[in-house]
Protein chains: 2
Amino acid sequence: MSSPELSPTGSVILGMLALGKQTGYDIKQFVDKSTRHFWAASYGQIYPELKRLEEQGLIRGRQEPTGGRPRTVYDLTDAGKEALHSWLRSDVEPLVELRDEGMLKLFFSDTLPEHRIDNIRAMRERQERKLAQLRAIEQHAGEGMHRGPYLTLQLGIGQTQWFIDWCEATERRLAEMERE
Amino acid sequence: MSSPELSPTGSVILGMLALGKQTGYDIKQFVDKSTRHFWAASYGQIYPELKRLEEQGLIRGRQEPTGGRPRTVYDLTDAGKEALHSWLRSDVEPLVELRDEGMLKLFFSDTLPEHRIDNIRAMRERQERKLAQLRAIEQHAGEGMHRGPYLTLQLGIGQTQWFIDWCEATERRLAEMERE
DNA sequence: AGGTGCATGTAACAGGTTACATGATTAA
DNA sequence: TTAATCATGTAACCTGTTACATGCACCT
């Protein structure tokens, strides 16, 4: 009865269809300006996954060419909606994976302590760029935003801002210690 | 002259040797209670990488059996120290990769809005578990901690704490809105 | 006429995890 | 004696990225 294991990537696609995205291309564009910061996806994942989901009967695709240009539009089947819901409800430990080379540099910064502040400053600058991107999304998406994406965006902004503040405070503290 | 591309995994190993870790096993143990939260590593990466680094002349290994039990102890060569330094100094955009299924669930929570608060609560509980782990490391490592690892730990604790606070505030806000 | 965007797809590759295999030492 | 810990290693597998290939439509 319950579908045979839905991968997180599969859930993303179901979720994106639920948010009204229609084609693989469409999904990729939207991922790149929304979930990218905590869940990226490439065409190499999306298109094969769409086929797999269709084989499993969770989504349904039909050809809707734009003029002579081929185009496959997908939507959720009832089974697909159910699969999405049961993923949202399920309480199996969700996957979390982080690889952050900047943190690693901070961690190993005793090896080159003169550069520690530079490392932190560089981290801060990257976070500032990220914050600018998130703010741009916030401006751009404006009113028409779903609540889930909105909350996620606010969380991202707050988090990034906190990180920046931490960096600033730590830069100051380290600079003071150096002067002594 | 400059070594032919040092992978982040390679840098981790060099860094760990610089922090005084000696064997592959040793490195793995320490990674698991320190960098794991932002950079994990498995034996399947560590042992082959140690061999590669030795071939490149960045580390030197010698047999130091404990009784009849084989054991290879590594340390940095001068070239290895230089490679570690140049990695720390380099300002090529450091790798950042995050996959967070919990965020994804929040993002798609419009599909099942009755469960949104549960999702946030579950996120908070996971962060609380993480915070407990970090605090345990803080207690346990105590005095003898290098500055880089210490700063990284404080950053992690602060970040996690902020996240928990955000979840609490948001849970309250959503609960209020529901009552209206 | 030409560049950009829409749209689909895949093969080769890179990176990492899991599971397994092996065996000595030490503490209970 | 037996379980846990120390210690090393690899093969099979899985997941994801990059690079490439293709071609129409639309705007200027």
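Letters A, B, ... are given to chains in the order of the sequence lines, protein chains preceding strands, and every chain is numbered from 1.
Note: CG (B:Leu95) to C1' (C:dA14) measures 12 Å, nearest angstrom. The interatomic distance linking A:Leu50 (CG) with C:dT8 (P) rounds to 8 Å, in whole Å. One interatomic measurement links the two molecules: CG of A:Leu98 to C1' of C:dT17, which rounds to 17 Å at whole-angstrom precision. Summarising the geometry, the separation between CZ on A:Arg62 and C1' on C:dA7 is reported as 16 Å, rounded to the nearest angstrom. Rounding to whole angstrom units, CD of residue B:Glu97 and C1' of C:dT17 are separated by 15 Å. The nearest whole Å value for the distance from the CZ atom in A:Arg71 to the C1' atom in C:dT8 is 12 Å. Distance A:Tyr43 OH to D:dC20 C1': 14 Å, rounded to the nearest Å. In this structure, CD of B:Gln63 is placed 9 Å from P of D:dT8, rounded to the nearest angstrom.
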Contact pattern, 5' to 3', of nucleotides 23-28 of chain C - B, S or - by protein heavy atom under 4.0 Å: BBS---
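When the nucleotides C:dT8, D:dT8, D:dT17 are ranked by their closest atom to the side chain of A:Gln45, D:dT17 comes out on top. With distances taken from any side-chain atom of B:Tyr47 to the nucleotides D:dT17, D:dA7, C:dT10, the minimum falls on D:dA7. For B:Trp39, whose side chain is taken as the heavy atoms from C-beta onward, the closest listed nucleotide among C:dG16, D:dT10, C:dT17 is C:dG16.
A:Lys105 places a side-chain N or O within donor-acceptor distance of the main-chain N or O of B:Trp87, the cut-off being under 3.5 Å. Between the A:Lys28 side chain and the A:Ala41 main chain, a donor and an acceptor come within less than 3.5 Å of each other. With B:Thr66 contributing its side chain and B:Arg69 its backbone, the two residues share no donor-acceptor pair below 3.5 Å. Between the A:Glu54 side chain and the A:Gly61 main chain, a donor and an acceptor come within less than 3.5 Å of each other. Of the possible donor and acceptor atoms, one in the side chain of B:His85 sits under 3.5 Å from a partner among the backbone N and O of A:Thr111. Looking at A:Thr77, its side chain does come within 3.5 Å of a backbone N or O of A:Leu58 through a donor-acceptor pair.
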Using the 3.5 Å cut-off, write out each protein N or O paired with an N or O of nucleotides 11-13 of chain D and the distance between them.
none

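Salt bridge absent: B:Arg89 and A:Glu114 never bring a charged side-chain N and a carboxylate O closer than 4.0 Å. A salt bridge between B:Glu168 and B:Arg172 is absent, with no side-chain N of the basic residue lying under 4.0 Å from a carboxylate O of the acidic one. B:Lys51 and B:Glu55 are not joined by a salt bridge, as no carboxylate oxygen comes within less than 4.0 angstrom of a charged side-chain nitrogen.
Considering B:Ile27, B:Asp75, B:Val73 in turn, B:Ile27 is the only one that fulfils the side-chain contact (heavy atoms from CB on, under 4.5 Å) rule with B:Leu17.
A:Phe163 is not listed as a side-chain neighbour of A:Arg126, based on a closest heavy-atom distance of 4.5 Å or more. Taking 4.5 Å as the limit, some side-chain heavy atom of B:Phe108 sits within range of a side-chain heavy atom of A:Met16.
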Under 3.5 Å donor-acceptor pairs involving side-chain atoms of residues 130-142 of chain B, not counting sequence neighbours:
unit_1, atom_1, unit_2, atom_2, d
B:Gln133, OE1, B:Arg36, NH2, 3.3
B:Glu138, OE2, B:Gln154, NE2, 3.2

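Side-chain N/O atoms of B:Arg99 include one lying less than 4.0 angstrom from OP1 or OP2 on D:dT17. Remark: A:Thr9 is in phosphate contact with D:dG16, judged by side-chain N or O atoms under 4.0 Å from OP1 or OP2.
Less than 4.0 Å separates DNA chain D from at least one heavy atom of each of the following residues of residues 14-38 of chain B: B:Thr23, B:Gly24, B:Tyr25.
With the end axes of the helix from C:dA1-D:dT28 to C:dA28-D:dT1 each set by five pairs, the angle from one to the other reads 30° at 10° resolution.
Contacts classified as ring-ring contact (aromatic ring centres under 6.0 Å, His included) and involving residues 37-73 of chain B (residues at least two apart or in different chains) are given here: B:Tyr43-B:Tyr47.
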